[in-house]
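Structure record follows, encoded as structure tokens.
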Amino acid sequence: MNYWLVKSEPDTYGWHHFIAQGRATWDGVRNYQARNNLKSMTIGDQVLFYHSVTNPAVVGLATVVREYFQDPTVPDDARWVAVELEPVMSFEKTVTLAQIKAEPMLSTISLIKQSRLSVMPVRTDEFELILKLGQTTSEALSISAEE
DNA sequence: GCCAACGTTGGC
DNA sequence: GCCAACGTTGGC
């Protein structure tokens, strides 16, 4: 089980779009480091969904339902890949970037260290703390995952 | 809207 | 291979 964080601008593709759609092809990544992270995702990995630019915050939890494949938006360019994600649950409270920056235990998170990376790994302790800050309990998580 | 950070491109 | 120019991301 790996933990990740993906960014999306809510004005372009927000959490509510994702919920409404029920599944998303995570394509359009054009950065090698982010691409490598997509390639490392395995089915069942947990993915924090982060809104960038407008009210920056972690807003929900998703999971990987299809491992990497050719990015369908550039079928002739084998460099780029996509994965498919499904929403698991919305946070009770969004966890803002300001909160994350204010939390000493999160001072080394890639979100802060590499502010421009759009797909990044998250450590287990970081993941658990962010879930806690979102008032998202592991019990609620397992119930949600079973539904 | 501005600007810092940083990845990419292209000239040499 | 170096580095200046340029484009993009994303916080504020």
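Reckoned from all heavy atoms, side chains included, excluding hydrogens, waters and symmetry mates. Naming convention: chains lettered A, B, ... in sequence-line order (proteins, then strands); numbering from 1 in each chain.
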Exercise for review: Would you kindly give the OH-to-C1' distance between A/Y32 and B/dG7, to the nearest whole Å?
Suggested key: 11 Å
Practice item. Could you tell me the separation between the CD atom of A/Q99 and the C1' atom of C/dG11, rounded to a whole number of Å? Key: 16 Å
Review point. Please give, in whole Å, the distance from C/dC12 P to A/E9 CD?
Key: 15 Å
Check your understanding: Would one find a side-chain N or O of A/K7 under 4.0 angstrom from OP1 or OP2 of C/dT9?
Key -> no
**Study point:** d(CD, A/Q114; C1', C/dG10) in whole Å
**Key:** 14 Å
Exercise for review: Measure from the side chain of A/R116, starting at C-beta and using heavy atoms only, and say which of C/dG11, B/dT8, C/dG7 lies closest.
Suggested key: C/dG7
Practice item. Classify the ring geometry between A/Y13 and A/H17 as parallel (under 30°), tilted (30 to 60°) or perpendicular (over 60°). Key: parallel
Check your understanding: Are the charged groups of A/R30 and A/D77 less than 4.0 angstrom apart, N to O?
Key -> no
Revision key, fill the gap. Closest of B/dG7, C/dG11, B/dC6 to the A/N31 side chain is B/dG7
Practice item. For A/L97 and C/dG11, give me the distance from atom CG to atom P, rounded to whole Å. Key: 6 Å
Review point. With a distance cut-off below 6.0 Å to the six-membered ring centre and an angular limit of 45° from the axis, does A/R123 pair with A/F127 as a cation-pi contact?
Key: no
Revision key, fill the gap. Winner on side-chain proximity to A/V53, out of B/dG7, C/dG10, C/dC12, is C/dG10
Practice item. Show your reasoning for whether side-chain hydrogen bond (donor to acceptor under 3.5 Å, both in side chains) applies to A/N37 and A/W4. Key: CA-CA 8 Å; A/N37 291 331; A/W4 309 95; over 6 Å; no
Review point. For the pair made of CG in A/L117 and P in C/dG11, what is the distance, rounded to whole Å?
Key: 12 Å
Check your understanding: For the pair made of NZ in A/K113 and P in B/dC6, what is the distance, rounded to whole Å?
Key -> 11 Å
Review point. Rounded to whole angstrom units, what separation is found between the CH2 atom of A/W80 and the P atom of B/dG7?
Key: 12 Å
